[in-house]
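This report refers to the structure that appears directly beneath it.
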Amino acid sequence: MNGNRLSLLAGALVVLLGAAWMLDVFDSEPTTIRVPEVEIPKEEVSEVTVQTDDWTASLTRQAGRWQLTEPVEALADSNTVNRLLNTLEGLELQTIVSTNPDRHERYGVDQASAQYLTVRWKDQEQVIVVAEQGPDFSSSYVRLAEDPIVYASSRITVPSTLDQLRDKVFVDVAGESVSAASVQGPEFRYSLERGGDSGWSFGDGSTADSIQVANWLRRFNPLRLDGFEDGLTADSLTVTHTVTLETAAGPVSLYFEQGDSDMRAWRNGGPGVMRAFGTRLNSLVQTADALQQ
């Protein structure tokens, strides 16, 4: 009887020790480790590097605009970069979660799982290792540089793909600057001309609905698409639709390839081949019937 009782007590002790280990009770040193303060002056930051296990992006601030320098040279999405910097400027390390490097994988702050942020300003640099998840939706697990300590912090939302960091403006043409347009699809072709006070007309002389034409042109001011196809070139596209907008600065020609569920787009001097949901094509390349008065 006594042997059974001792076995039960020993089993309970093992369970309690296991639970304590899972909760990092043995990792915590609340009386000896101070939670540091992190200060990142958003307006002074000149360089940002985002590194994951799959890709690395380097950004620099040039003349007030953020530019991607690696892995491609392109205009960055300044709104996305500024949102990231806002979370870093307000970063608050709240509590120590673990001091054990063996727990890094569990909290998603190991080299294979985490996102590494390197922020530089003046002669200073701060490296923050960020997990995709945190204790809850409003917080993140983080480490600072090579420090093994894992903290729970205020939420840091790091872009998960390179596309999120790139400016997705495909073209930006003010409708007021367009004097003529031509549109071509697999089964139609037409042209439009602006007639001053008389409004818009088709190439055959018939009157177009100037309000509808203005609404259509507004879609190019600016036109943002969904992402990039860096592995494709203009020569690899099978163009199915074309829109040419005549402006005082010269013609702007847009080329589209219609796919089964998506579309690809390219323009001379543009950011490269881009992609978007195929349902958007009908609003960008409208038939003449949609613009008739």
Side-chain angles (χ1 to χ4, degrees), residues 13-42 44-60 68-71 76-77 80-166:
L13 178 61
V14 169
V15 171
L16 289 172
L17 289 172
W21 183 84
M22 290 294 291
L23 293 171
D24 288 337
V25 168
F26 303 121
D27 288 345
S28 302
E29 299 180 50
T31 61
T32 60
I33 301 178
R34 182 176 62 86
V35 176
E37 293 184 1
V38 179
E39 295 183 2
I40 297 177
K42 171 187 170 182
E44 297 179 19
V45 173
S46 57
E47 296 181 38
V48 177
T49 300
V50 182
Q51 180 180 356
T52 73
D53 194 43
D54 298 321
W55 55 273
T56 299
S58 298
L59 304 106
T60 61
L68 268 166
T69 56
E70 294 289 343
D77 187 330
T80 298
V81 179
N82 286 330
R83 280 195 297 270
L84 173 60
L85 290 178
N86 283 337
T87 64
L88 294 179
E89 186 177 46
L91 179 62
E92 179 184 355
L93 302 184
Q94 298 164 345
T95 59
I96 295 171
V97 177
S98 174
T99 61
N100 188 349
D102 293 337
R103 301 295 181 85
H104 287 178
E105 182 177 0
R106 174 185 172 187
Y107 292 109
V109 291
D110 58 308
Q111 186 173 1
S113 306
Q115 299 159 307
Y116 283 69
L117 295 176
T118 303
V119 185
R120 300 181 183 90
W121 66 98
K122 295 184 178 179
D123 58 347
Q124 299 189 56
E125 175 180 288
Q126 178 68 67
V127 179
I128 303 173
V129 185
V130 186
E132 291 186 6
Q133 304 295 331
D136 52 49
F137 290 114
S138 63
S139 56
S140 298
Y141 290 125
V142 303
R143 289 192 295 115
L144 300 180
E146 299 303 320
D147 190 336
I149 299 174
V150 181
Y151 301 94
S153 77
S154 52
R155 184 69 177 171
I156 303 175
T157 304
V158 185
S160 58
T161 66
L162 179 62
D163 273 3
Q164 290 180 356
L165 284 168
R166 295 179 66 174

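Because only heavy atoms are used, hydrogens play no part in the values below, and waters and symmetry mates are left out as well, while side chains stay in.
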Determine whether [X] and [Y] make a side-chain contact, defined as any pair of heavy atoms from C-beta on separated by less than 4.5 Å.
X: Gln51; Y: Thr118; value: no
X: Ile96; Y: Tyr151; value: yes
X: Ile156; Y: Leu91; value: yes
X: Val38; Y: Leu93; value: yes
X: Lys42; Y: Asn82; value: yes
X: Val150; Y: His104; value: yes
X: Arg143; Y: Pro148; value: no
X: Leu144; Y: Ile128; value: yes

Got a second to check how far [X]'s [atom1] is from [Y]'s [atom2], nearest 0.5 Å?
X: Arg120; Y: Ser58; atom1: CZ; atom2: OG; answer: 7.5 Å
X: Ile40; Y: Asn86; atom1: CD1; atom2: CG; answer: 11.5 Å
X: Thr157; Y: Leu84; atom1: OG1; atom2: CG; answer: 8.5 Å
X: Leu59; Y: Ser46; atom1: CG; atom2: OG; answer: 11.5 Å
X: Glu70; Y: Thr56; atom1: CD; atom2: OG1; answer: 9.5 Å

Taking everything shown except Glu105 itself, do over 12 heavy atoms lie less than 6.0 Å from its CD?
-> no
Look at atom CD of Glu125 and say whether more than 12 heavy atoms of other residues, nucleotides or ligands are closer to it than 6.0 Å.
-> yes
Kindly give the heavy-atom pair with the smallest separation between [X] and [Y], and that separation in Å.
X: Tyr141; Y: Pro135; result: CE2-CG, 3.5 Å
X: Gln115; Y: Thr52; result: CG-CG2, 3.9 Å
X: Thr99; Y: Pro101; result: O-CD, 3.4 Å
X: Ala57; Y: Leu162; result: CB-CD1, 3.8 Å
X: Ser160; Y: Trp55; result: O-NE1, 3.4 Å
X: Glu44; Y: Trp121; result: O-CB, 3.2 Å

Tell me whether [X] contacts the main-chain N or O of [Y] through its side chain, where contact means a donor paired with an acceptor under 3.5 Å.
X: Ser140; Y: Val142; value: no
X: Asp136; Y: Ser139; value: yes
X: Thr80; Y: Gln164; value: yes

Take Arg166 and Leu68, measure what side chain to side chain contact (heavy atoms under 4.5 Å, CB included) needs, and give me the verdict at the end.
-> CA-CA 7 Å; Arg166 295 179 66 174; Leu68 268 166; 3.2 Å; yes
Looking at Val127, Leu88, Thr49, which one forms a side chain to side chain contact (heavy atoms under 4.5 Å, CB included) with Leu117?
-> Leu88
